[in-house]
Amino acid sequence: MKNDQFECALIDLLGNGIPLTPAPYQDIADQLGVSEDVVRHKIDCWLDDGTISRFGAVVRHHELGYQANAMVVWDTPDEAVEAAGQALTALPFVTLCYVRERRLPDWPYNLFCMIHGKDRETVLGQVEEATKAADLSDYQRDILFSVRRFKQRGAAYRAPLREAAE
Amino acid sequence: MIDDTDRALINALQGGFPLSEQPFAEIAEAHDLSEEEVIARLKAMLDNRVLSRFGPMYDAERLGGGLALAALEVPEERFEEVTEIVNGFDEVAHNYERAHKLNMWFVLATETPDGVQQAIERIEAATGLHVYNMPKEKEYFLELKLCA
C-alpha cells in the first residue's frame, strides 16, 4: 500500500474509534496490512503536528451533567482582541475560544468563547468572571445559551481523496 | 449512571491515550483495575452515550477539509421544518438551538475547503434563509476537558 493510501485508510479506520481490544494498534495494523510500529508512529506524528488534536475519550457534555452551554460573544476592538483571547483561554471553564469575522450590521461580535457549566446561574457567574478577567467590561456582549441540541457527531472526516486518486 | 471509577477514567482519558502495545492494560494499572474492566467500562459508556466517541479528534483543516460555524435566523413557526432540513445535510456536524435572534447555530465539516461555501449555498436554497457564515480568524488552542 502506498503511503498516502495508508494514511487515508488509517484516518478512516481510526475515525471509527480506537478498537476496544487489548492490542488495538496491532488490530488496526492487521487490517491495513502494515506493522504495528508503523501505525503507532503515524499516530504519534499526527499528534505532534496537530492533525490529531486530542486522542482519547470524547465526552457528551449533556450526559455528564453539563446542562448549561453558553456561547459568549463580545464586540472587541481589533487591537484588544488578542490580549482578551489569551486571557479567556487561561480560565478553566472556557472550553473553546475563537476570533471570527463580524457580520455587520446584524452581528457585531468578533470574540467567541464557549462555557460549559452545570447550570445557568453558575455559567452566568462565570461569564462575569471572564468579562472581568479579559478586561471586556466596556464592550457590547451577548450570551447565547443552548436551548436544544439537535445533532452532535464527530465530524465524519473522510480522508483527502484527491491524494489517493491515482 | 456512571460511578466514581468511570469518572476517574473519563478525567484521565480525554486526551493522551497511550500509544503502547497494550494501552488499556497501562490505563488499568494506573487505576488499579483489570484490563477487561477498563475495556468493559469504556464500552458501556459508549453504549450509554456518555462518551460520543473513543478515538482521535482530527483537525479538519489539516486533513485538507473545511470547517465553519454558521447561523440562521429561523422564523419560530418554521423551526421544526428548518431543523429537519439542516440536520439532513451530512456536512452538518453539530446543530444547536440558541436563545437569540440568530437561533440556529451549526458547524459544517466538509471534505474540501470549497465544500463549506457549497454547503452554505445548498442550505440557503433548501431553507430560503440567509446563512450567516462566521469564518474563524484565530483559534486559541484549548483542551476541551470537562470534569466528570
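Naming: A, B, ... by sequence-line order, numbering from 1 per chain.
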Rounded to the nearest 0.5 Å, what separation is found between the NE2 atom of B:His100 and the CD1 atom of A:Ile143? 11.0 Å
Please report the interatomic distance CD1(A:Ile43) to CZ(B:Phe17), rounded to the nearest 0.5 Å. 9.5 Å
Segment of A:Met114 engaging chain B (4.5 angstrom heavy-atom cut-off): side chain
So which atom in B:Arg98 and which in A:Val147 form the shortest heavy-atom distance, rounded to 0.1 Å? C-CG2, 3.9 Å
Does any N or O in the side chain of A:Arg103 come within less than 3.5 Å of the main-chain N or O of B:Asn133, such that one atom is a donor and the other an acceptor? yes
When rounded to the nearest 0.5 Å, the distance separating CG of A:Leu144 from NZ of B:Lys101 is 12.0 Å
Over all atoms of both residues, closest heavy-atom pair of A:Phe112 and B:Trp105: CE2-CZ3, 4.1 Å
Enumerate by number any residue of residues 129-139 of chain A whose heavy atoms lie under 4.5 Å from heavy atoms of chain B; in the absence of such residues, state 'none'. none
Looking at OH of B:Tyr58 and CH2 of A:Trp46, how far apart are the two atoms once the value is rounded to the nearest 0.5 Å? 5.5 Å
Select one option (side chain, backbone, both, neither) describing which atoms of A:Val81 are under 4.5 Å from chain B's heavy atoms. backbone
What are the two closest non-hydrogen atoms of B:Arg53 and A:Gly15, and how far apart are they? NH1-O, 4.4 Å
May I ask you to check whether over 12 heavy atoms, not counting those of A:Glu128, lie within 6.0 Å of atom CD? yes
For chain A, which residues of residues 32-47 of chain B have at least one non-hydrogen atom nearer than 4.5 Å to it? B:Glu35, B:Ile39, B:Leu42, B:Lys43, B:Leu46
Give a yes or no answer on whether the side chain of A:Arg40 reaches the backbone of B:Leu19 with a donor-acceptor pair at less than 3.5 Å. yes
Are any side-chain N or O atoms of A:Ser53 and backbone N or O atoms of B:Met57, one a donor and one an acceptor, separated by less than 3.5 Å? yes
Toward chain A: residues of residues 72-83 of chain B with heavy atoms under 4.5 Å: B:Phe79, B:Glu80, B:Thr83
The interface call for B:Leu102 against chain A, heavy-atom contacts under 4.5 Å, is both
Is the closest side-chain heavy-atom distance between A:Val59 and B:Leu51 below 4.5 Å? yes
Under a 4.5 Å heavy-atom criterion, the part of residues 21-28 of chain A in contact with chain B comprises A:Thr21, A:Pro22, A:Ala23, A:Pro24, A:Tyr25
Below 4.5 Å, heavy-atom pairs only: which of B:Val50, B:Val107, B:Leu9 has the largest tally toward chain A? B:Val50
Tell me, out of B:Ala28, B:Ser20, B:Pro18, B:Gly65, who's got the most heavy-atom pairs with chain A below 4.5 Å. B:Ser20
Counting only non-hydrogen atoms closer than 4.5 Å, does A:Asn69 touch chain B with its backbone (N, CA, C, O), its side chain (CB onward), both, or neither? both
Count the heavy atoms of every other residue, nucleotide or ligand shown that sit under 6.0 Å from CD of B:Glu29, and state whether that count exceeds 12. no
Sort out for me which of A:Asp49, A:Asn16, A:Asp44 touches chain B most, counting heavy-atom pairs under 4.5 Å. A:Asp49
Heavy-atom count around A:His41 NE2 within 6.0 Å, excluding the residue itself: above 12? no
CZ (B:Arg49) with more than 12 external heavy atoms under 6.0 Å: no
So which of A:Gly17, A:Gly85, A:Ala70 has the largest heavy-atom pair count under 4.5 angstrom toward chain B? A:Gly85
State, to 0.1 Å, how close A:Ser146 and B:Tyr96 come at their nearest heavy-atom pair, and which atoms those are. CB-CD2, 3.7 Å
Check whether B:Ala25 gets within reach of chain A through its side chain, its backbone, both or neither, counting any heavy atom under 4.5 Å. neither
Could you tell me the separation between the CG atom of B:Asn48 and the CZ atom of A:Arg60, rounded to the nearest 0.5 Å? 11.5 Å
